[in-house]
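Written below as structure tokens is the structure these notes are about.
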2 protein chains.
Amino acid sequence: MSVTIYDVAREAGVSMATVSRVLNGTAVVKDETKRKVLDAIQALGYRPNAVARGLASKKTKTIGIIVPDVSAPFVAEMVRGMEDIATMYAYQIILSNSDAQTEREIDLMGTMWEKQVDGVLFMGDRLTADLLKAFEEAQLPVVLCATVDPEGRIPSVNIDSEQAAYDATKFLTQKDCKNILLLSGPSDHPVIGEPRQKGYLKAVKEAGLQARILECSDLRYEHGLDLLQRELTSNPQPDGIIAVSDELGVASIHACLDAGLAVPDQVRVIAFDNTRLAIMVRPELTTISQPIYDMGAVAMRFMTKLIHDEPVEEFSVILPHDMTVRKST
Amino acid sequence: MSVTIYDVAREAGVSMATVSRVLNGTAVVKDETKRKVLDAIQALGYRPNAVARGLASKKTKTIGIIVPDVSAPFVAEMVRGMEDIATMYAYQIILSNSDAQTEREIDLMGTMWEKQVDGVLFMGDRLTADLLKAFEEAQLPVVLCATVDPEGRIPSVNIDSEQAAYDATKFLTQKDCKNILLLSGPSDHPVIGEPRQKGYLKAVKEAGLQARILECSDLRYEHGLDLLQRELTSNPQPDGIIAVSDELGVASIHACLDAGLAVPDQVRVIAFDNTRLAIMVRPELTTISQPIYDMGAVAMRFMTKLIHDEPVEEFSVILPHDMTVRKST
DNA sequence: CTGAAAGCGCTTACAG
DNA sequence: CTGAAAGCGCTTACAG
């Protein structure tokens with residue numbers, strides 16, 4: 001069997017309670033006693049069993065993370081941000097993929113409760129009533145990340161998608177684009193759909209231009225390429241394209257090139273996310289950079305504050321976005 | 001307080017032991033009793049506390065995963081494969097990033113022990129003696145994923161990197177390339193270095209050609225582009241390039257285009273991994289596709305077998321690789 | 001500053 | 001087929 005706190009206590013000639021105290025620093029222990037305990041720990045190679053500790057203290061130092069899919073680069077980077085901060089605060093993470101299925105998300109909240117995590121960082125598409133109920137029933141602090149609660153009931157960390165779309169559009173109108181196409185997500189999507197369209201529409205209207213929106217049911221390269229290739233053959237040529245992800249941005253560039261349109265001379269292309277993909281295409285993509293890693297990091301830091309009852313300044317944190325101008329515009 | 005197994009027992013008019021039995025199916029329970037218990041569970045909305053269960057049973061149904069960096073697409077996809085299989089077997093995963101630092105890896109093995117995970121899936125660069133000791137001391141089953149133990153002491157799931165590099169090289173020699181450049185990882189790297197170079201050298205030698213290896217200290221696009229741009233100005237022009245990752249493959253194509261070399265007419269480019277990146281470049285990349293997701297999935301399945309003492313056919317699993325031929329060759 | 005004891009919520013022999 | 005009881009390895013009031 002492995003060595004327990006009881007073995008350490010005996011070796012050091014003190015009680016388990018005292019060992020626990022030096023381990024956790026929960027009370028003052030005489031220096032000499034502390035040394036004896038530390039020596040015993042060293043000598044026996046003792047490591048505390050976090051499961052037993054979790055049961056006794058009702059804190060597991062574990063945070064649950066529910067995301068649609070870690071294998072999406074955006075998500076993976078966010079998770080990395082979360083994990084780094086978790087490590088900093090000596091937390092571990094339990095990671096789960098939901099494929100953005102509400103049913104699965106609800107199920108996972110149950111699992112997170114069973115595992116007695118201290119909190120859940122959640123990224124998803126839409127927040128249904130059932131899901132909100134599951135949040136409540138789990139009786140766990142939940143922080144949304146890159147996910148919007150339209151009614152602001154759950155704390156969250158996001159960027160201002162509407163403003164970002166406005167900025168992107170404005171950038172093109174100022175470059176004198178007259179026919180700007182928005183390659184958007186579904187109009188009812190709370191992050192890559194509705195707010196992006198809203199910001200776009202606002203800027204387009206201000207410039208006195210006609211709106212032109214193409215909705216992608218998913219944000220994959222192939223899908224965007226296909227959609228756009230058809231659009232470019234059958235419609236008047238746009239002179240500006242805003243794509244709501246880098247993948248779609250690369251698709252836009254390639255669709256233009258395939259159609260014999262020069263980027264940026266005939267069509268200016270701007271995208272979102274500023275993932276590494278943005279520099280791996282010719283011409284390199286101008287993108288709205290979202291602080292993806294930071295969103296994850298800030299969300300996790302937020303969680304540690306909630307857990308430790310530290311005061312939080314804002315309930316809905318909005319991180320600033322940025323624009324990185326490259327060759328495609 | 002939340003409802004416990006004790007509450008369920010009382011509600012159903014049975015003992016805790018019986019509730020536990022129907023929960024876990026560890027013993028036969030009379031149908032009628034079972035129904036009473038199930039009803040009570042339903043009525044009270046009971047969920048078992050996995051932490052308590054873990055302490056009592058010494059099994060946490062949790063697998064630790066240690067990877068260099070989830071935000072790397074290759075890794076993220078592998079982790080997804082792991083998680084999917086974990087879900088299938090009702091396991092959760094604790095994910096940690098090591099940045100491939102031995103010290104951190106050792107530290108994490110300790111954390112994994114503290115968390116009492118049932119096993120650890122490990123991906124890293126080199127296996128040092130200290131790390132192997134940490135594996136041993138943790139007394140946990142460990143399965144390596146996309147990571148080689150040269151002495152085969154630890155079970156692992158990999159592809160045959162040497163054969164893959166040989167295949168890629170052979171493909172180019174058969175296309176009549178005479179000056180084939182290998183854009184490789186560090187020669188002492190057990191996956192993207194040494195075996196790749198070995199396979200390459202074998203094929204090059206068979207074709208009676210001269211070897212030409214360029215080592216990248218890291219596999220990032222920028223780094224490869226920079227290295228290659230310099231190589232192309234100062235050296236005789238290669239007519240074939242083998243890049244050990246898709247990122248480097250894209251860098252190769254761009255470096256050629258920048259130098260005014262047509263791909264594939266003047267230079268044929270072949271890469272590794274077949275990530276989504278491979279289709280997001282013009283011309284699209286021919287790549288050796290590694291079953292990344294599958295590697296993760298198989299490693300996790302392997303782990304469940306180890307945990308449940310199921311027989312395993314192979315200690316070192318080699319998954320078949322494949323070649324996807326596209327426009328770049 | 002330290003110890004004895006109860007308790008966290010389960011599982012698991014042991015009896016019957 | 002079922003129950004009583006011990007035990008998993010800790011933490012946490014409670015005393016002193």
Side-chain angles (χ1 to χ4, degrees), chain A residues 1-38 40-41 44-62 90 110-118 139, chain B residues 1-38 40-41 44-62 90 110-118 139:
Chain A
M1 292 312 306
S2 49
V3 11
T4 73
I5 197 172
Y6 178 76
D7 300 317
V8 175
R10 199 182 31 194
E11 172 88 6
V14 300
S15 72
M16 288 165 40
T18 299
V19 177
S20 177
R21 286 185 191 105
V22 345
L23 235 34
N24 299 302
T26 44
V28 190
V29 176
K30 210 201 312 179
D31 267 356
E32 192 196 324
T33 315
K34 187 184 285 184
R35 188 164 329 275
K36 279 194 296 186
V37 171
L38 260 14
I41 288 174
L44 299 175
Y46 169 71
R47 272 186 171 277
N49 179 324
V51 175
R53 175 181 283 181
L55 181 59
S57 70
K58 323 216 63 150
K59 289 177 191 348
T60 54
K61 298 235 85 182
T62 307
T111 306
M112 292 301 177
W113 185 91
E114 290 187 353
K115 289 287 189 180
Q116 299 282 104
V117 299
D118 296 336
Q139 300 196 84
Chain B
M1 292 314 309
S2 47
V3 11
T4 70
I5 198 173
Y6 178 75
D7 301 318
V8 175
R10 199 182 32 194
E11 173 87 8
V14 301
S15 71
M16 290 165 38
T18 298
V19 178
S20 176
R21 287 186 191 104
V22 346
L23 235 33
N24 300 300
T26 44
V28 189
V29 176
K30 213 202 307 178
D31 268 355
E32 191 195 327
T33 316
K34 189 185 283 184
R35 189 166 328 275
K36 280 195 295 185
V37 171
L38 261 13
I41 288 174
L44 300 175
Y46 169 72
R47 270 185 173 276
N49 179 325
V51 175
R53 175 180 284 182
L55 181 60
S57 70
K58 323 216 64 152
K59 293 184 189 340
T60 54
K61 298 236 88 182
T62 306
T111 306
M112 292 303 178
W113 186 91
E114 290 186 355
K115 290 287 189 181
Q116 300 283 103
V117 300
D118 296 336
Q139 300 196 82

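Order of the sequence lines sets the chain letters (A, B, ...), proteins ahead of strands, with each chain counted from 1.
Checked by atom type, the side-chain pair A:T60/B:K115 shows no donor-acceptor distance below 3.5 Å.
Note that the OG1 atom of A:T18 and the CE atom of A:M16 stand 10.5 Å from one another [nearest 0.5 Å]. The NZ atom of A:K34 sits 13.0 Å away from the CD atom of A:E32 when rounded to the nearest 0.5 Å.
In this structure, the side chains of B:I5 and B:P48 stay at 4.5 Å or more apart for every pair of heavy atoms. With a 4.5 Å cut-off on side-chain heavy atoms, A:R53 and A:N24 count as touching. Side-chain contact between B:D7 and B:Y46 is absent, with no heavy-atom pair separated by less than 4.5 Å.
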Subject >> Protein-to-nucleotide contact annotation, 5' to 3' order, nucleotides 10-16 of chain D [B base; S sugar-phosphate only; - none; under 4.0 Å, heavy atom] >> reply: BBBB---

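A:V14 comes within 4.0 angstrom of the backbone, heavy atoms only, and of no base.
Regarding B:Q116, its CD atom lies at a distance of 13 Å from the P atom of D:dC8, rounded to whole Å. To the nearest angstrom, C1' of C:dG7 lies 12 Å from CG of B:L55. Atoms NZ (A:K58) and P (C:dG7) sit 14 Å apart, rounded to a whole Å.
Distances shorter than 4.0 Å separate none of the side-chain N or O atoms of A:S15 from OP1 or OP2 on C:dT2.
A donor-acceptor pair is defined here as one N or O able to donate and one able to accept, closer than 3.5 Å; such a pair exists between the side chain of A:N49 and the backbone of A:V51.
Legend: salt bridge (Lys or Arg N to Asp or Glu O under 4.0 Å) pairs involving residues 17-26 of chain B, not counting sequence neighbours: none detected.
Among the duplex regions that DNA chain D forms, those built from at least three successive Watson-Crick or G-U pairs under 3.5 Å are C:1-3 with D:14-16, C:5-12 with D:5-12, C:14-16 with D:1-3, ordered by first number.
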